[in-house]
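A quick write-up on the structure given underneath.
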Amino acid sequence: MERLLAKYTNSYLSYVILFFFYNISFALFSSMISVYLIGKGYAASQVSMLVSIASLAAMLTQPIIGGLTEKFGMRAVNMVMFGLTCAAAGLFVISPGFWITVGAYSLMNLLLNGLNPTVERMATSSPYSYGSVRTWGTIGFATGTQLTGIVYSGIGPEAPYICVIIAALLAILGFWGTNPRIAETESANIEDTAEGEDGAEGASMKDLLTNKLFLFYLLLQVLFTAVTGAAYSFTPAALTDYLGMEASTASTVLAVAALCEIPLLLFSSKFMDKVPNKILLLIAFGGALLQVLPFALGLPFPIVIAITFLTKHPPAILNIMTNMKVVNTIVDPRQQITGLALVKTCQSFGMIVSNNIGGRIVDAAGYPPMYLFLLGIIAVGLLGVVFFKVPSGNDKKLFS
């Protein structure tokens, strides 16, 4: 038994189990929430309110979770968070009213999002390559999206959230077996960047907030995530309510769409360090524009599905990778962790605003006008990228 435990500790299997089941739980909890709530008789504006409150809760609690992790350790805090996720999912299932539903969903959201930074860092700190580990997260998310539709239609609307509990428990098993040496890596990075070769003091927050190039980039990220965040929330309901799909069929479409990001992850080392930052951003923003275009213009059903396959997830994952490269390019090395946190905060803000406005537009006028609103936002963002004078960043070699 001890020999088996020794072989399992920090094995590739432990990372596969963690990434696969963590992302399954994330997909089960989030991918069909608009369909679930609208099916229970709630309005689109109430859906947007729930998503916005949940996003705000996650945004405000990220620093608290970080502080608890520093004080009590990554393993203890994250194991507790997985356990609380199971409890929140149970409360969501038995919720008797809207506000308890909002509270339970917000708790799940802040816990699963709070786990995300640690889980993502583990992909780069494990003994295995980033792509070989992170791809299992994408496969898990696609599997969870497909499973959501199957159990929603075949068992009942609450079934996906019962499955969240099972997936989270299995993710705990994977997390328990990992040993990515994150603490040692981060300590070395902090020591190296804080002192520097000439012993200079660390850069101040004022330096970051007076970096005009970075502030302009924050605005671009607000616009990008405003569009992709609202599209993520309302596309499942648009497929079922607007296009008339069954929930199981819609989940299949979304699952296949999630898998379309795998080539970008597997081949990131082939192009991310060779294509300039500006071109990468133009592609990401252009992909987001194409994502909302067919719904906004009422294009034929086959075109909607084909474009959903190609643009539902690839622009977002490309933006995630490009964000790492851009921040590394335009932010002082001693401020990059803070810079990434500010980007995440601005992204959450953009999603909160667009979900609220988008839900009200759907209630008042339907889905096409809401997507026209998103189309206008991403068009402004695309124009902003054209005027964004960012260095290429190809000397950083982050993905090679």
Side-chain angles (χ1 to χ4, degrees), residues 116-126 129-135 137-138 182 185-186 188-190 192-193 203 207-209 211-229 260-289 311 313-348 350 378 381-400:
N116 184 259
T118 296
V119 174
E120 289 294 332
R121 285 204 308 264
M122 290 170 83
T124 58
S125 304
S126 75
S129 68
Y130 175 83
S132 68
V133 171
R134 184 59 179 79
T135 296
T138 298
I182 288 176
T185 302
E186 289 183 346
N189 289 339
I190 289 171
D192 289 344
T193 58
D207 295 330
L208 189 59
L209 296 179
N211 183 337
K212 293 181 180 180
L213 198 62
F214 179 66
L215 293 177
F216 189 79
Y217 177 67
L218 291 179
L219 176 59
L220 292 178
Q221 285 301 308
V222 168
L223 297 174
F224 182 87
T225 313
V227 173
T228 57
C260 290
E261 72 180 36
I262 289 179
L264 289 177
L265 290 169
L266 292 179
F267 295 101
S268 59
S269 62
K270 303 295 185 182
F271 67 90
M272 284 299 299
D273 290 326
K274 298 177 181 178
V275 180
N277 281 320
K278 189 167 185 173
I279 300 300
L280 291 170
L281 286 170
L282 285 170
I283 295 171
F285 275 71
L289 187 147
T311 62
H313 286 272
I317 197 66
L318 179 60
N319 186 65
I320 288 171
M321 294 189 292
T322 304
N323 179 55
M324 295 169 60
K325 184 178 177 182
V326 170
V327 171
N328 191 273
T329 302
I330 66 177
V331 174
D332 188 287
R334 294 161 292 182
Q335 287 289 310
Q336 286 177 9
I337 294 176
T338 304
L340 289 169
L342 284 174
V343 172
K344 184 68 175 177
T345 300
C346 289
Q347 289 174 337
S348 297
I378 200 63
L382 192 58
L383 183 63
V385 174
V386 172
F387 292 98
F388 186 39
K389 298 180 180 180
V390 59
S392 72
N394 288 351
D395 58 320
K396 302 299 179 180
K397 306 302 179 186
L398 297 177
F399 297 87
S400 298

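To the nearest 0.5 Å, atom CE of residue Met321 and atom CG of residue Leu265 are 5.5 Å apart. Here Leu223 contributes atom CG and Leu219 contributes atom CG; the two are 5.0 Å apart, rounded to the nearest 0.5 Å. The distance from the CG atom of Leu318 to the NE2 atom of His313 is 14.5 Å, given to the nearest 0.5 Å. Atom NZ of residue Lys212 and atom NZ of residue Lys389 lie 12.0 Å apart, to the nearest 0.5 angstrom. Here CD1 of Ile317 is found 9.5 Å from OG of Ser268. Values are rounded to the nearest 0.5 Å. Atom CG of Leu289 is separated from atom CG of Leu282 by 12.0 Å, given to the nearest 0.5 angstrom.
Within the 3.5 Å criterion, the main-chain N or O of Val222 finds no donor-acceptor partner in the side chain of Thr225. At distances below 3.5 Å, at least one donor-acceptor pair connects side-chain atoms of Asn211 with backbone N or O atoms of Ile330. Between the side chain of Asp273 and the main chain of Asn394, no donor-acceptor pair closer than 3.5 Å is present. Remark: side-chain polar atoms of Lys278 are paired, donor with acceptor, to backbone N or O of Val386 under 3.5 angstrom. Here the side chain of Lys325 pairs a donor or acceptor atom with the backbone of Met272 at under 3.5 angstrom.
Using modelled atom types and a 3.5 Å distance limit, the side chains of Thr329 and Asn277 yield a donor-acceptor pair. Side chains of Asn323 and Gln347: no donor on one and acceptor on the other come within 3.5 Å.
Taking the six-membered ring where the residue is Trp, Phe224 and Phe285 present tilted rings, their angle falling between 30° and 60°.
Of all non-hydrogen atoms in Ala288 and Val227, the two that sit nearest each other are O-CG1, 4.4 Å. Contact between Ala284 and Pro315 at its shortest, heavy atoms only, is O-CB, 3.5 Å. Minimum heavy-atom separation, Cys260 to Pro314: O-CG, 3.8 Å.
Within the 4.5 Å cutoff, side-chain heavy atoms of Leu213 are placed close to those of Pro391.
Between Asn319 and the choices Leu220, Ile283, Leu281, the side chain to side chain contact (heavy atoms under 4.5 Å, CB included) rule is met once, by Leu281.
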Apply side chain to side chain contact (heavy atoms under 4.5 Å, CB included) to Phe271 and Leu264, showing your working.
CA-CA 9 Å; Phe271 67 90; Leu264 289 177; 3.8 Å; yes

Might you work through the side chain to side chain contact (heavy atoms under 4.5 Å, CB included) test for Val390 and Phe216, ending with a clear yes or no?
CA-CA 10 Å; Val390 59; Phe216 189 79; over 6 Å; no

